[in-house]
**Student:** 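Just dropping this structure here.
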Amino acid sequence: MNGDTLYSIGELARRTGLTVKTIRFYSDRGIVAPTDRSPAGYRLYGTDAVARLDLVRTLRDLGVDLTTIRRVVDRELSLPEVAAAHAEALAVQIRVLRLRHTVLTAVAERGLTAEETDLMHKLAQLSEDERRRLIGDFLDAVFGSPDTDSAWAGVRCSMTPAMPDSPEAEQVRAWVEWAELAADPDFRTSLRRIAEDHAAEQARGGMTGPRRGLGAVVRDRVGPALAAGIDPMSHRADPIVAALAAHHARALGRSDDAELRRLLLARLESMNDPRRDRHLRLLAVINGWPAPESLAPAFNWSAEAVRVRLER
């Protein structure tokens, strides 16, 4: 005996707030060993047992297993080392729970069928490599292989979703919807057609032709008209339509006539695919970018203005 205060298991229970049964359980597993025995054979514990039990309770509350706890209290493992490992494990569990919560919320909000729910669950749980392959397949289908067509490198980058390591629920929902959209063959074909039309216009334009795309011209020319409340059927819209037609004529290397305007209308309608607008918004959510300006109202106005003049 060294003169230190010794506690019976009952006294230790009162000091720590743990039950006698729990302390005996830890004691039997060597996590908190008795210092001595009473003449009657009862276990007696030193003052350090209080601190050890407090640490054990804290680690158990944090989800650390008993084998690891014993190694910590016996100083075979450092507490920071254990904390780091369990923090990473918890981070994985949190990501899984966030994915499950997101899928279930989407099922409730969108009224999904069992088949749609299964697809959403699979898309949400794709690994990093699987996500990369899906993204690569989509970009290749739209822009061609980067090995054979480097002209689209910058656009490919701007069209690539990059999920953060710990995404918010909104980003997971956006990713699942983006993945569903990107896997749609009709949407891929629509974007491919837009990309090919733009590339053909740029190639025909050469160094002297228009370098801006039709979308930029629509935004710059039609945006102010929308803000001013100009009716696409009114005469005030004539110079705007003429400017769009002139741009398209230069891009195609032909004169502004009825056929040119029919081609312009087809191009405007193709570029006004609502899925394209949605795709850009989903990308912004996933990548944490500011919400993009929707060009749908400007494209609607432009298409209506051109259509009306073709029918006159």
Side-chain angles (χ1 to χ4, degrees), residues 142-143 152 154-155 158-159 174 177-178 180-182 184-285 287 289-312:
V142 175
F143 301 112
W152 292 106
V155 180
S158 69
M159 296 276 276
E177 189 177 346
W178 184 94
E180 290 177 300
L181 193 55
D184 182 350
D186 186 61
F187 179 60
R188 291 186 177 195
T189 299
S190 175
L191 286 187
R192 179 68 182 178
R193 184 164 53 248
I194 293 172
E196 288 175 343
D197 287 345
H198 179 75
E201 290 173 5
Q202 293 294 309
R204 279 191 292 265
M207 294 303 295
T208 60
R211 306 311 297 172
R212 293 192 306 158
L214 181 60
V217 177
V218 168
R219 181 190 62 233
D220 296 344
R221 289 282 187 171
V222 180
L226 282 170
I230 296 176
D231 190 321
M233 301 178 65
S234 72
H235 291 299
R236 295 176 64 194
D238 288 344
I240 301 172
V241 174
L244 295 178
H247 177 276
H248 206 51
R250 287 195 301 273
L252 297 183
R254 58 183 300 163
S255 60
D256 178 7
D257 53 20
E259 178 60 23
L260 181 281
R261 296 203 175 195
R262 278 192 285 272
L263 293 173
L264 172 61
L265 177 59
R267 182 75 193 283
L268 290 168
E269 290 175 337
S270 173
M271 295 181 69
N272 198 27
D273 186 338
R275 295 172 300 180
R276 178 173 175 266
D277 198 56
R278 183 60 182 165
H279 173 260
L280 295 176
R281 289 185 173 274
L282 293 171
L283 268 178
V285 173
N287 292 346
W289 297 339
E293 174 190 4
S294 174
L295 291 180
F299 276 118
N300 287 332
W301 190 99
S302 302
E304 179 64 17
V306 174
R307 186 180 300 108
V308 165
R309 283 156 182 80
L310 280 171
E311 294 171 352
R312 286 176 181 171

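FYI, side chains are in, hydrogens and waters are out, and symmetry mates aren't considered; it's all heavy atoms of this structure.
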**Student:** Please enumerate all residues that pass salt bridge (Lys or Arg N to Asp or Glu O under 4.0 Å) together with Glu196, with sequence neighbours excluded.
**Tutor:**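 Once residues adjacent in sequence are excluded, the partners of Glu196 under the salt bridge (Lys or Arg N to Asp or Glu O under 4.0 Å) criterion are Arg192.
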**Student:** How long is the span from the CZ atom in Arg188 to the CG atom in Asp186, to the nearest 0.5 Å?
**Tutor:**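 Between atom CZ of Arg188 and atom CG of Asp186 there are 12.0 Å.
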**Student:** Any salt bridge linking Glu259 with Arg254? Criterion: basic side-chain nitrogen under 4.0 Å from a carboxylate oxygen.
**Tutor:** no
**Student:** Has Thr189 got a side-chain atom pairing as donor or acceptor with Pro185's backbone, closer than 3.5 angstrom?
**Tutor:**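 It does hold such a pair.
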**Student:** In Å and rounded to the nearest 0.5 Å, what is the OG to CG distance from Ser270 to Asp197?
**Tutor:**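 CG of Asp197 is found 6.5 Å from OG of Ser270.
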**Student:** Check whether any side-chain heavy atom of Val241 sits under 4.5 Å from a side-chain heavy atom of Arg261, and report yes or no.
**Tutor:** yes
**Student:** Is there a side-chain contact (heavy atoms from CB on, under 4.5 Å) between Leu280 and Met159? Walk through the geometry before answering.
**Tutor:** CA-CA 8 Å; Leu280 295 176; Met159 296 276 276; 4.1 Å; yes
**Student:** Between Leu181 and Phe187, what is the shortest heavy-atom contact and its length?
**Tutor:** O-CD2, 3.4 Å
**Student:** Can you confirm whether more than 12 heavy atoms, excluding those of Arg281, are under 6.0 Å from its CZ atom?
**Tutor:** yes
**Student:** When the side chains of residues 225-233 are checked against the rest of the protein, which donor-acceptor pairs come out under 3.5 Å, sequence neighbours left out?
**Tutor:**
from: Asp231; atom 1: OD1; to: Met233; atom 2: N; distance (Å): 2.8

**Student:** Would a distance-only check, ignoring hydrogens and angles, find a side-chain to backbone donor-acceptor pair under 3.5 Å from Ser302 to Ala298?
**Tutor:** yes
**Student:** May I have the step-by-step check of side-chain contact (heavy atoms from CB on, under 4.5 Å) for Ser190 and Arg276, ending in yes or no?
**Tutor:** CA-CA 9 Å; Ser190 175; Arg276 178 173 175 266; over 6 Å; no
**Student:** Would you say that more than 12 heavy atoms from the other residues, nucleotides or ligands in this model lie under 6.0 Å from the CZ of Arg236, or not?
**Tutor:**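 Counting neighbours around CZ of Arg236, 12 or fewer heavy atoms of other residues, nucleotides or ligands fall under 6.0 Å, so no.
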**Student:** On a heavy-atom basis, which atom in Ala303 and which in Glu269 lie closest, and how many Å separate them?
**Tutor:** CB-CG, 4.4 Å
**Student:** Once you round to the nearest 0.5 Å, how far does CG of Leu264 lie from CG of Leu244?
**Tutor:**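 The CG atom of Leu244 is 6.0 Å from CG of Leu264, to the nearest 0.5 Å.
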**Student:** I need the minimum non-hydrogen distance between Ala284 and Ala291, along with the two atoms involved.
**Tutor:** CB-CA, 4.4 Å
**Student:** Do side-chain atoms of Asp273 reach the backbone of Arg275 as a donor and acceptor pair under 3.5 angstrom?
**Tutor:** yes
**Student:** Rounded to the nearest 0.5 Å, what's the gap from OG on Ser158 to CH2 on Trp289? Could you check?
**Tutor:** 6.0 Å
**Student:** List the steps, then state whether side-chain contact (heavy atoms from CB on, under 4.5 Å) holds for Leu295 with Asp277.
**Tutor:** CA-CA 8 Å; Leu295 291 180; Asp277 198 56; 5.5 Å; no
**Student:** Could you tell me which non-hydrogen atom of Trp301 sits nearest to which non-hydrogen atom of Val222, and how far apart they are?
**Tutor:**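 Here Trp301 and Val222 meet closest at CE3-CG1, 3.5 Å.
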**Student:** Can you name the nearest heavy-atom pair linking Asp256 to Ala245, along with the distance?
**Tutor:** OD2-CB, 3.5 Å
**Student:** So do His198 and Arg193 actually touch side chain to side chain, heavy atoms under 4.5 Å?
**Tutor:**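 No; the side chains remain at least 4.5 Å from each other.
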**Student:** Run Leu214 and Leu268 through side-chain contact (heavy atoms from CB on, under 4.5 Å) and show every step you take.
**Tutor:** CA-CA 8 Å; Leu214 181 60; Leu268 290 168; 3.9 Å; yes
**Student:** Is Glu304 salt-bridged to Arg309, cutoff N-O under 4.0 Å?
**Tutor:** no
**Student:** Which atoms form the tightest heavy-atom contact between Ala174 and Val285, and what is the distance?
**Tutor:**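 Of all heavy-atom pairs spanning Ala174 and Val285, the closest is CB-CG1, 3.6 Å.
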**Student:** Sub-3.5 Å donor-acceptor pair from the side chain of Ser255 to the main-chain atoms of Asp257, do we have one?
**Tutor:** no
**Student:** Can you confirm whether Glu293 sits close enough to Arg219 that some side-chain heavy atom of one is under 4.5 Å from a side-chain heavy atom of the other?
**Tutor:**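 Of all side-chain heavy-atom pairs linking Arg219 with Glu293, at least one is under 4.5 Å.
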